[in-house]
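Beneath this line is the structure, given in structure tokens, with notes to follow.
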Amino acid sequence: MQMTFSVAIAGASGYAGGEFARLVLSHPDLELGALTAHSNAGEPVAASQPHLAAHPAIAGRTFAPTDVEQLLGHDVVALALPHGASGAIAAQLEQASPETLIVDLGADHRLASAADWEAFYGGEHPGTWTYGMPELVHAGELGRASAQRDLLAETKRIAVPGCNVTAVTLGIQAGVHTGLIDPAAITATLAVGYSGAGKAAKPHLLASEGLGNATAYAVGGVHRHVPEIRQNLTTAGASDPQVVFTPVLVPTSRGIHATITAPLVGDVDAETVRECWAERYEEEAFIHLLAPGTQPATAATTGANTALLQVTLDAARREVIVTCALDNLVKGTAGAAVQSINLALGLPETLGLPVTGVAP
């Protein structure tokens with residue numbers, strides 16, 4: 001087996017690209033290659049990613065322009081680009097180097113439905129790649145999720161999930177898969193850190209606007225992650241899942257805290273509900289169901305490729321309440337990318353991925 005794989009990153013000046021670079025730098029079998037950017041081309045990497053500056057692989061480097069010539073010749077190319085920007089360069093890479101493993105950290109290749117893409121993103125659908133969530137459960141499978149891992153082990157094209165989608169999917173899919181909850185009446189409210197909005201300078205993302213403030217956005221079923229959530233829950237076994245999805249920007253740089261509720265189906269007790277989630281994730285390295293009475297906190301996941309869960313039954317209302325916390329830049333994006341890359345390269349799935357957070 002090849003021992004070291006070279007990795008190029010397009011869009012390495014952004015939050016997702018920088019976090020992916022951080023994980024690659026600590027991975028024993030990945031070696032950082034070209035680092036490209038658009039508006040930051042020609043500038044020192046350390047100016048945009050100062051937390052990486054002391055690493056020998058970063059010191060003194062500048063960003064190359066984002067074009068195919070810079071990305072060719074690598075074993076892996078990661079596209080950490082805004083939605084709508086990955087499709088064209090991915091098509092060029094596929095033609096020039098079909099055997100290269102290409103990983104899209106953006107949205108361009110996540111959706112299977114061209115109609116959903118056009119409705120929520122606009123423009124022509126760039127195509128569908130293998131979905132980069134190894135823990136995604138498929139309808140009918142038993143025990144530890146394996147179908148998605150099998151698909152990732154055979155692919156050269158990976159679409160990394162949206163960070164909000166990851167929190168909601170990991171939170172509620174166990175109940176959908178087993179039929180314990182009604183997937184037609186799911187509500188998900190997410191507190192989301194500002195890094196999820198990217199680095200672009202916009203007035204509502206300034207510290208003077210965000211500090212001491214919480215505000216909902218993309219309310220009323222218009223958020224671009226809605227069709228992706230529905231797609232995943234359909235994969236898990238729902239025939240027509242419906243989700244009321246409300247993200248709320250909160251004054252923290254990282255982290256997602258999701259509260260997901262759904263009506264219970266059938267006459268089952270709290271112990272049965274908990275067993276459902278415990279059995280789904282008991283063998284998963286990165287997903288942890290916390291002890292009863294303990295609620296997940298975003299700070300406990302900072303810098304780690306973990307998702308922390310709690311499931312509670314509201315007996316009076318007959319509703320299941322799941323809370324999920326994760327780092328939107330690690331398990332929500334860059335960590336999921338590395339996890340999927342490991343599978344596609346035939347490496348141990350957990351290789352190079354941190355499971356301990358940073359505190360305080």
Side-chain angles (χ1 to χ4, degrees), residues 5 7-11 14 16-17 19-20 23-24 30 36 66 68 71-72 74-138 145-166 169-170 173 224-236 331-347 349:
F5 299 87
V7 181
I9 306 175
E19 190 68 354
F20 181 74
L23 295 178
V24 170
L30 300 182
T36 80
T66 298
V68 172
L71 302 173
L72 291 175
H74 296 82
D75 299 302
V76 182
V77 175
L79 306 175
L81 303 171
H83 78 265
S86 295
I89 196 163
Q92 296 176 57
L93 282 167
E94 288 184 292
Q95 184 174 12
S97 183
E99 291 306 308
T100 299
L101 175 59
I102 309 174
V103 184
D104 189 359
L105 278 68
D108 285 19
H109 299 94
R110 296 170 183 164
L111 296 181
S113 167
D116 281 345
W117 173 267
E118 292 167 6
F120 282 82
Y121 290 91
E124 185 177 354
H125 183 222
T128 306
W129 289 0
T130 306
Y131 198 67
M133 183 185 290
E135 301 93 349
L136 180 64
V137 61
H138 288 230
S146 59
Q148 199 63 30
R149 287 183 166 92
D150 291 342
L151 293 173
L152 286 165
E154 298 169 355
T155 192
K156 290 290 186 179
R157 306 288 179 263
I158 297 170
V160 177
C163 55
N164 296 312
V165 179
T166 299
T169 301
L170 295 179
Q173 68 173 353
R224 287 164 170 157
H225 285 172
V226 169
E228 191 181 344
I229 294 170
R230 296 185 69 239
Q231 176 177 288
N232 288 355
L233 299 185
T234 299
T235 300
K331 185 56 179 163
T333 308
V338 172
Q339 193 177 341
S340 299
I341 287 168
N342 282 340
L343 288 167
L345 294 178
L347 301 172
E349 184 179 334

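These numbers were taken from a predicted model, which means no experiment stands behind them.
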Mark yes or no for whether S86, through its side chain, and P82, through its backbone, hold a donor-acceptor pair below 3.5 Å.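 Checked: no pair found.
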H83: partners by ring pair (Phe, Tyr, Trp, His ring centres under 6.0 Å), with sequence neighbours left out: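 Counting only residues at least two positions away or on another chain, H83 forms a ring pair (Phe, Tyr, Trp, His ring centres under 6.0 Å) with Y121.
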Applying side chain to side chain donor-acceptor pair (under 3.5 Å), can you list everything that pairs with [X], at least two apart in sequence or on another chain?
X    : answer
T155 : T130
Q339 : E135, N305, K331, E349
T36  : T66

Under a 4.5 Å cut-off applied to non-hydrogen side-chain atoms, are [X] and [Y] in contact?
X    : Y    : result
L30  : L345 : yes
T100 : K156 : no
L151 : H138 : yes
I89  : L81  : yes
S340 : V103 : no
I341 : F5   : no

Restricting to non-hydrogen atoms, name the atom on [X] and the atom on [Y] that form the minimum distance, rounded to 0.1 Å.
X    : Y    : result
T333 : A16  : CG2-CB, 3.9 Å
P126 : G87  : CB-CA, 4.0 Å
A337 : L105 : CB-CD1, 4.0 Å
Q95  : P98  : O-CD, 4.0 Å
T166 : P161 : OG1-CB, 3.6 Å
G17  : I9   : O-CD1, 4.0 Å

Sequence neighbours excluded, which residues qualify as side chain to side chain contact (heavy atoms under 4.5 Å, CB included) partners of [X]?
X    : value
T169 : M133, L136, V165, Q173, N232
R230 : V226, D240, P241, Q242
L93  : V68, L71, L72, V77, L79, I102

Quick check for you: to the nearest 0.5 Å, what is the distance between T234 atom OG1 and I229 atom CD1?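 The distance works out to 11.5 Å.
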With sequence neighbours left out, which residue pairs that include part of [range] fulfil the salt bridge (Lys or Arg N to Asp or Glu O under 4.0 Å) condition?
range            : value
residues 111-122 : none
residues 85-100  : E94-R157
residues 121-131 : none

Residue among W129, W117, Y131 satisfying side chain to side chain contact (heavy atoms under 4.5 Å, CB included) with H109: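 When W129, W117, Y131 are each tested with H109, the side chain to side chain contact (heavy atoms under 4.5 Å, CB included) holds only for W129.
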Under the ring pair (Phe, Tyr, Trp, His ring centres under 6.0 Å) definition, can you give me all pairs with a residue in residues 86-108, not counting sequence neighbours?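 As it turns out, there is no ring pair (Phe, Tyr, Trp, His ring centres under 6.0 Å) pair with a partner in residues 86-108 once direct neighbours are skipped.
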Salt bridge (charged side-chain N to carboxylate O under 4.0 Å, His left out) partners for R224, two or more places apart: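 Salt bridge (charged side-chain N to carboxylate O under 4.0 Å, His left out) list for R224, sorted by chain: empty.
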